[in-house]
Amino acid sequence: MENRLTIYNTLDRKKELFVPLHSPFVGMYVCGPTVYGDAHLGHARPAITFDILFRTLKYLGYKVRYVRNITDVGHLENDADSGEDKIAKKARLERLEPMEVVQYYMNRYHKTMELLNVLPPSIEPQASGHIIEQIEFIKRILDNGWAYVSNGSVYFDVEKYNEQYNYGKLSGRNIDELLETTRELDGQEEKKNSFDFALWKKASPEHIMRWPSPWSDGFPGWHMECSAMGTKYLGEQFDIHGGGMDLLFPHHECEIAQSVGATGKECVRYWMHNNMITINGKKMGKSLGNFITLDEFFTGSHPMLTQAYSPMTIRFFILQAHYRSTVDFSNEALMASEKGLERLMEGYARLLKLQPGADANNNLTEEIQRLEVKCEEALLDDLNTPIVISYLFEAVKTINSIADGKATISAADLQALKDMFKLFVEDLMGLQTQSEATGGNYEAYKKAIDLLLEMRLQAKANKDWTTSDNIRNQLTEFGFQIKDTKDGFEWNL
RNA sequence: GGUUCCUUGGCCGAGUGGCUAGGCACCGGUCUGCAAAACCGUCUACGGCGGUUCGAAUCCGCCAGGAACCUCCA
């Protein structure tokens with residue numbers, strides 16, 4: 001296996017050639033959602049970013065096991081180590097069983113991801129289904145002396161750990177700073193130091209989600225699930241761990257400490273972090289309450305939205321920025337993406353209908369090869385999807401000029417161009433054509449529209465403008481867009 | 001306050017020492033029964049000040065503005 005992918009590793013803050021631990025196998029873990037509400041635009045970023053990585057790794061021939069967890073326990077409402085479990089709170093408010101809340105939002109999350117054409121991960125473990133593994137993991141850390149029990153809870157001893165290892169190596173922090181800057185929180189008296197984090201938390205009497213353990217009836221700390229489940233499914237050391245930049249500290253830092261504490265080894269070779277989506281320059285997030293859910297985007301049902309945006313528009317919008325840059329939401333930007341995507345996909349549709357012509361004396365063969373190489377280079381250069389897209393637009397220009405009769409294309413070149421679009425647009429960028437997005441009954445429906453437009457063409461030939469405009473206006477009203485071409489018509493919904 | 005990062009044309013957004021990315025919008029033209037699309041053309045920017053260099057949007061310093069993290073967050 002030839003290693004050709006370069007990725008930016010947060011650990012040393014530079015791009016590195018990706019070399020798997022056990023080629024051709026690649027283990028990849030990404031922090032998934034906490035299922036206590038609908039997914040918002042921010043959640044689409046890591047899902048799509050690491051979907052591109054998943055697709056790229058498979059394209060390169062690796063055998064990828066992609067684990068993306070569902071957090072359904074252990075996330076606390078207010079303070080790090082006290083307060084009410086988010087799932088339990090929601091359950092109390094809606095008078096539901098906690099697992100009912102989890103199932104409901106998990107189903108909705110899956111539906112949304114499917115609409116965004118995000119491939120399902122290989123394994124999607126739930127934290128609540130891995131309590132035993134988490135308890136065993138905590139035991140190992142305790143046995144190795146990196147944690148202590150206090151009043152039924154177990155805390156990681158950061159100061160002791162830091163004497164031998166480096167707590168803060170991922171986030172670039174050091175514990176002296178942390179001592180000065182960590183806020184005083186409730187329940188801190190149980191801990192030796194304010195920066196110690198909970199591995200296991202004793203449940204207060206009103207806490208519903210609880211499990212027995214050697215230390216107390218309680219629940220695992222938030223950072224525990226990823227360590228335990230990552231280790232279970234990918235081994236003590238695996239290749240890639242991804243997630244949002246906001247998880248860098250403390251979550252991922254704690255994961256490193258936990259795995260070193262339990263196994264003596266660092267769990268992850270390459271840490272990857274996607275940047276945030278902002279709204280009015282501020283991070284879109286649950287806590288700020290400034291989020292717009294993906295469903296709201298799809299239906300346009302949010303006061304800040306001037307229209308609905310299709311799942312593919314959202315996907316394209318995200319892919320038009322590099323994953324390590326912030327990207328600012330605005331209707332203007334989204335509308336520009338919508339138009340751009342339309343241009344790209346119409347170009348693709350035209351390409352599929354193109355007829356080969358004389359092998360003209362143009363340099364199409366070299367041009368197509370060049371674009372293909374450039375697209376691949378950009379993708380393998382730390383997933384530079386905006387550059388991939390820019391080359392695809394160059395190809396669209398070529399397609400349009402052929403469709404316009406300004407150039408001809410040989411059968412071999414046409415096939416090469418079709419293969420290139422199939423590979424980059426569909427397989428790697430995961431942008432769906434209309435027939436895919438609309439599903440099975442598309443063919444019959446397509447024929448019906450075609451028939452109508454054939455009739456309009458007849459009317460036009462007879463200079464019956466009333467009939468032809470009538471058909472066009474009616475279809476437009478139903479949401480279709482009709483375009484006349486040199487020798488016929490094009491349409492889309 | 002600490003740490004890290006960012007500032008590109010009307011808007012979005014790549015690039016990171018020399019070779020006008022790309023998309024959207026605008027304007028002009030070709031085509032067209034009309035409209036749309038397509039095609040051709042126009043607009044050509046890198047927060048400010050200094051430094052390094054033959055050459056800087058790209059490297060260094062200072063200043064200004066903004067963000068993320070330091071508390072749950074994708």
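Any value given below was found using the heavy atoms of this structure, including those in side chains, with hydrogens, waters and symmetry copies removed.
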Q: Provide the distance between the two C1' atoms, one in B:C43 and one in B:G9, to the nearest whole Å.
A: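 The answer is 9 Å between these two C1' atoms.
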Q: Taking atom C1' in both B:C70 and B:G18, what distance in whole Å separates the two?
A: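 The same atom, C1', in both gives a distance of 42 Å.
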Q: Heavy atoms only, 4.0 Å cut-off, all strands: where does A:Met335 land among base, sugar-phosphate and nothing?
A: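 No contact at all - A:Met335 keeps every heavy atom at 4.0 Å or more from the nucleic acid.
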Q: Round to a whole Å and report the spacing from CG of A:Asn462 to C1' of B:G33.
A: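 Result: 13 Å.
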Q: Can you see whether A:Glu255 engages A:His251 through a side-chain donor-acceptor pair at a distance of less than 3.5 angstrom?
A: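 A:His251 and A:Glu255 do have a side-chain donor-acceptor pair below 3.5 Å.
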Q: Quick one: A:Phe291 CZ to B:C72 P, roughly how many Å, whole number?
A: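 In whole Å, B:C72 P lies 18 Å from A:Phe291 CZ.
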Q: According to salt bridge (Lys or Arg N to Asp or Glu O under 4.0 Å), does anything in residues 39-57 of chain A pair up with another residue at least two apart or in another chain? List the pairs.
A: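 As it turns out, the salt bridge (Lys or Arg N to Asp or Glu O under 4.0 Å) pairs with a partner in residues 39-57 of chain A, which skip direct neighbours, are A:Asp51-A:Arg55, A:Asp51-A:Arg315.
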Q: With P as the reference atom in both, quote the distance from B:U30 to B:A36 in angstrom, rounded to an integer.
A: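 So the two P atoms sit 15 Å from each other.
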Q: What about A:Ser171, does its side chain sit under 3.5 Å from the base of B:C69 through a donor-acceptor pair?
A: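 Checked by distance alone, the answer is no.
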Q: Contact class for A:Gly42 vs. all strands (heavy atom < 4.0 Å): base, sugar-phosphate, or nothing?
A: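 Base contact.
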Q: Please report the distance, rounded to the nearest Å, between CG in A:Leu288 and P in B:U71.
A: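 These atoms are roughly 15 Å apart.
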Q: For nucleotides B:A14 and B:A21, find the distance between their P atoms and express it as a whole number of Å.
A: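 Here B:A14 and B:A21 have their P atoms 14 Å from each other.
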Q: Going by atom types only, do A:Gln307 and A:Glu338 share a side-chain donor-acceptor pair under 3.5 Å?
A: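 Indeed, the side chains of A:Gln307 and A:Glu338 share at least one donor-acceptor pair under 3.5 Å.
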Q: Would you mind classifying the nucleic acid contact of A:Ile389 as base, sugar-phosphate or nothing, using non-hydrogen atoms under 4.0 angstrom?
A: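 Here A:Ile389 touches no strand at all.
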Q: Who are the side chain to side chain donor-acceptor pair (under 3.5 Å) partners of A:Glu332, not counting sequence neighbours?
A: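 Testing A:Glu332 for side chain to side chain donor-acceptor pair (under 3.5 Å), a comparison that skips the adjacent residues, returns none.
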Q: Identify, with sequence neighbours excluded, every residue that meets side chain to side chain donor-acceptor pair (under 3.5 Å) alongside A:Ser310.
A: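 For A:Ser310 the side chain to side chain donor-acceptor pair (under 3.5 Å) partners, ignoring immediate neighbours, are A:Thr313.
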Q: Between A:Asn275 and A:Glu394, which has a closest nucleotide on RNA chain B that is more 5'?
A: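 By nearest-heavy-atom nucleotide position, the 5'-most residue is A:Glu394.
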Q: Check every strand shown and say whether A:Ile277 touches a base, only sugar-phosphate, or nothing at a heavy-atom separation below 4.0 Å.
A: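 A:Ile277: base contact, heavy atoms under 4.0 Å.
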Q: Does any part of the side chain of A:Phe424, heavy atoms only, come nearer than 4.5 Å to the side chain of A:Leu392, both counted from C-beta?
A: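 The answer is yes, as the side chains (C-beta and beyond) meet within the 4.5 Å cut-off.
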Q: Under 5.5 Å centre to centre and under 30° between planes: does that hold for A:Trp465 and the six-membered base ring of B:G33?
A: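 Stacked: ring centres under 5.5 Å, planes under 30°.
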Q: Find out whether the Lys NZ or Arg CZ of A:Arg173 is both under 6.0 angstrom from the six-membered ring centre of A:Phe249 and within 45° of the ring's axis.
A: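 Here A:Arg173 passes the 6.0 Å and 45° test against A:Phe249.
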Q: Would you mind building the protein contact string for nucleotides 34-45 of chain B? One character per nucleotide, 5' to 3', B for base within reach (heavy atoms under 4.0 Å), S for sugar-phosphate only, - for untouched.
A: BBBSSSS-----
Q: Between B:A74, B:G22, B:G66, spot the one nearest the side chain of A:Lys282, thanks.
A: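 Of the options given, the side chain of A:Lys282 lies nearest B:G66.
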Q: Let me know the distance between CZ of A:Arg173 and P of B:C5, rounded to the nearest Å.
A: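 A:Arg173 atom CZ is separated from B:C5 atom P by 12 Å.
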Q: Expressed as a whole number of Å, how far does the P atom of B:G51 sit from that of B:G55?
A: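 Approximately 12 Å lies between the P atom of B:G51 and that of B:G55.
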Q: Remember a base hit wins even if backbone is also touched, and classify A:Met276 as base, sugar-phosphate or nothing at under 4.0 Å, heavy atoms.
A: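 Base contact - A:Met276 has a heavy atom under 4.0 Å of at least one base atom.
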Q: Can you tell me how far P of B:A74 sits from OH of A:Tyr105, to the nearest Å?
A: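 Those two atoms, OH and P, are 14 Å apart.
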Q: Please round to the nearest 0.5 Å and tell me the distance separating atom OG1 of A:Thr326 and atom CG of A:Asn274.
A: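 Interatomic distance, A:Thr326 OG1 to A:Asn274 CG, rounded to 0.5 Å: 11.5 Å.
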Q: I need the NE2-P distance between A:His43 and B:A74, as an integer number of Å.
A: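 Between P of B:A74 and NE2 of A:His43: 3 Å.
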Q: Rounding to the closest angstrom, what is the interatomic distance between B:C19 and B:C62 at atom C1'?
A: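 After rounding to an integer number of Å, I get 32 Å for this pair.
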Q: For A:Phe421, give me all partners under ring-ring contact (aromatic ring centres under 6.0 Å, His included), at least two apart in sequence or on another chain.
A: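 A:Phe421: ring-ring contact (aromatic ring centres under 6.0 Å, His included) contacts with A:Tyr348.
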Q: Where the side chain of A:Phe393 is concerned, which of B:G23, B:G33, B:C70 is the nearest nucleotide?
A: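 Of the options given, the side chain of A:Phe393 lies nearest B:G23.
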Q: For a quick check of understanding: with a heavy-atom distance under 4.0 Å over all strands, which category does A:His40 fall into, base, sugar-phosphate or nothing?
A: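 Here A:His40 touches the bases of the nucleic acid.
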Q: Tell me every residue that passes side chain to side chain donor-acceptor pair (under 3.5 Å) with A:Gln355, counting only those two or more places apart in sequence or in another chain.
A: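 A:Gln355: no side chain to side chain donor-acceptor pair (under 3.5 Å) contacts found.
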Q: Determine the interatomic distance between P on B:C72 and the same-named atom on B:C11; round to the nearest Å.
A: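 Between the two P atoms, the distance is 38 Å.
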Q: Taking Watson-Crick (N1-N3 plus N6-O4 or O6-N4) and G-U wobble (N1-O2, O6-N3), each under 3.5 Å, can you produce the dot-bracket string of RNA chain B? Use [ ] for crossing pairs and | for inter-strand ones.
A: (((((((..(((.....[...)))..((((.......)))).....(((((..]....))))))))))))....
Q: Starting at atom CH2 of A:Trp222, determine the distance to atom C1' of B:U71, rounded to an integer number of angstrom.
A: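 Distance check: A:Trp222 CH2 to B:U71 C1' gives 10 Å.
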Q: Residues two or more places apart in sequence or in another chain: which of them pass side chain to side chain donor-acceptor pair (under 3.5 Å) with A:Gln369?
A: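 Per chain and number, A:Gln369 pairs via side chain to side chain donor-acceptor pair (under 3.5 Å) with no residue.
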Q: Rounded to whole angstroms, how far apart are NE2 on A:His273 and P on B:C6?
A: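 Rounded to whole Å, this separation is 16 Å.
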Q: Do any pairs count as a salt bridge (Lys or Arg N to Asp or Glu O under 4.0 Å) and have a residue in residues 243-253 of chain A, sequence neighbours left out, and if so which ones?
A: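 Passing the test, one end in residues 243-253 of chain A: A:Asp246-A:Lys283.
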Q: Rounded to whole angstrom, note down the P distance from B:G47 over to B:C40.
A: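 Here B:G47 and B:C40 have their P atoms 31 Å from each other.
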Q: With the sugar-phosphate defined as primed atoms, P, OP1 and OP2, and the base as all remaining atoms, what B/S/- string results for nucleotides 7-18 of chain B, 5' to 3', for protein heavy atoms under 4.0 Å?
A: ----SSSSS---
Q: Show every salt bridge (Lys or Arg N to Asp or Glu O under 4.0 Å) that has at least one partner inside residues 33-43 of chain A, sequence neighbours left out.
A: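 Sorted result for residues 33-43 of chain A: A:Asp38-A:Arg108.
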Q: Could I get the full list of ring-ring contact (aromatic ring centres under 6.0 Å, His included) partners for A:Phe156, not counting sequence neighbours?
A: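 A:Phe156 satisfies ring-ring contact (aromatic ring centres under 6.0 Å, His included) with A:Tyr161, A:Phe197 only.
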